[in-house]
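Notes follow the structure.
Counting begins at 1 with the first residue of the sequence.
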Amino acid sequence: MTTGTVPRTDLAVGSGLAVERGILVDEDLTTADPRIHAIGDCAQPPCGASGLVGQGWEQAHRLAGLLTSGTPTGVTTGVGDVVRPKTAGVDLVTMGVCGSGRADDPALRVVRLSDPSAGRHLEIVVRDGRLVGATAVGAGRIGTDLVTTYTRQTPLPADPAQLLLPAIAPATSGTRRDSPSLIPDRATICRCNGVTKGDIRAEFASGATTVEQVAEATGATTGCGGCTDAVCGIVDWLRAGDASSPSGTASREDRFTQAKHEQDRAETGAP
């Protein structure tokens, strides 16, 4: 058993940079030497380090903007607090404020759906029409949608309980509105590695016909893991040959929720 990380700071110390637990950096990830930056587990920003991959990707995005245009991209929150265990068989994601552990704040609204017999528990915490915290156990695609809503601060419906309804909604039949065929090729599927649906299709055409092969070729699913269901669905859809997939493929296509498509359309400007 191991716990945590130990930053490798020997090079920084030898270079005369300020080091405590990690290499000290400011909000723009700059060290005591303005020519040197540090990100990830070795860095110690003012807000602290979470040790989670999400914070590393956030820092990389911000620093890339600084190095290419002189302007940091986005805001380094330092929170990086979306936690999704990588353990097989553990369907859990949590983020932000915990409803049961919050301070008594009348501005916070907590909505829960707890079904221990089914191994399912959902909780969302809302403030001023925005999702500020959520926990999803045994909820599959709902957890993925909540991560998107939380990280992008998407406006919520008037009744936030609607976010939990897909967890108990019966399966519908008829024309599918959420087939991978509806996602434009330019839509980003894996945000960690910038992999689009078009990239996955191109690698599939080149012989990467399994999720593992697609991961090796593109890096998709190897970051936070939040895109795994989407990549599985696209690969199965491509194997089927068209949007009219056989029954064995439809179960994977179920993982494409309407919220996912709305997100993709918003990002790409697709009609």
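Looking at residues two or more places apart in sequence or on another chain, you find a salt bridge (Lys or Arg N to Asp or Glu O under 4.0 Å) between Asp33 and Arg35. Among residues two or more places apart in sequence or in another chain, the side-chain contact (heavy atoms from CB on, under 4.5 Å) test is passed with Pro157 by Gln162, Leu163. Not counting sequence neighbours, the partners of Ala107 by the side-chain contact (heavy atoms from CB on, under 4.5 Å) test are Asp105, Arg127. Partners of Arg130 according to the salt bridge (Lys or Arg N to Asp or Glu O under 4.0 Å) rule, which considers only residues two or more places apart in sequence or in another chain, do not exist here.
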For this session: Quick one: do Thr210 and Arg239 satisfy side chain to side chain contact (heavy atoms under 4.5 Å, CB included)? Show the steps, please.
Result: CA-CA 9 Å; Thr210 67; Arg239 284 177 179 166; 3.6 Å; yes
Problem set entry | Candidate pair Met95 and Val93, rule side chain to side chain contact (heavy atoms under 4.5 Å, CB included), full reasoning | CA-CA 7 Å; Met95 65 213 78; Val93 61; 3.9 Å; yes
For this session: Begin with the C-alpha distance, continue with both residues' side-chain angles, and end with the deciding distance and a verdict on side chain to side chain contact (heavy atoms under 4.5 Å, CB included) for Val111 and Val126.
Result: CA-CA 8 Å; Val111 182; Val126 178; 5.8 Å; no
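Residues Leu113 and Leu156 fall within the same hydrophobic cluster, defined by Ile, Leu, Val, Met, Phe, Trp and Tyr side chains chained together at heavy-atom separations under 4.5 Å. Linking Ile, Leu, Val, Met, Phe, Trp and Tyr whenever their side-chain heavy atoms come within less than 4.5 Å leaves Val19 and Ile39 in two separate clusters.
Scanning both residues, Cys98 and Val125, for their nearest heavy atoms gives C-CG2, 4.3 Å. For the residue pair Asp28 and Leu66, the shortest heavy atom distance occurs at O-CD2, 3.7 Å. Between Cys227 and Ala220, the shortest heavy-atom distance links the atoms SG-C, 4.3 Å. For the pair Pro7 and Cys42, the tightest heavy-atom approach, listed with the atom from each and the gap, is CB-CA, 3.8 Å. Pairing each heavy atom of Ile124 with each of Pro160, the nearest pair is CD1-O, 3.3 Å. Contact between Cys190 and Gly219 at its shortest, heavy atoms only, is SG-O, 4.3 Å.
Screening residues 202-220 for salt bridge (Lys or Arg N to Asp or Glu O under 4.0 Å) gives no qualifying pairs among residues at least two apart or on separate chains. Among residue pairs with one or both ends in residues 155-166, those qualifying as salt bridge (Lys or Arg N to Asp or Glu O under 4.0 Å) are Arg109-Asp159; sequence neighbours excluded.
In this structure, the side chain of Thr221 does not engage the main chain of Ala215 through any donor-acceptor pair within 3.5 Å. A distance-only check finds a donor-acceptor pair linking the side chain of Gln59 to the backbone of Gly40 [under 3.5 Å]. Counting only distance, with no hydrogens or angles, the side chain of Asp199 and the backbone of Thr196 share a donor-acceptor pair below 3.5 Å. Distance alone, capped at 3.5 Å, places no donor-acceptor pair between the Asp26 side chain and the Pro46 backbone. Under the 3.5 Å distance criterion, the side-chain polar atoms of Gln44 are left unmatched by any main-chain donor or acceptor of Val25.
In this structure, Leu29 CG and Arg62 CZ are separated by 7.0 Å, a value rounded to the nearest 0.5 Å. The line from CG of Leu92 to NE2 of His121 is 10.0 Å long, rounded to the nearest 0.5 Å.
At a threshold of 4.5 Å between non-hydrogen side-chain atoms, the residues Val195 and Ile189 do not count as touching.
For Leu67, the CG atom is densely surrounded, since the number of other residues' heavy atoms within 6.0 Å is greater than 12.
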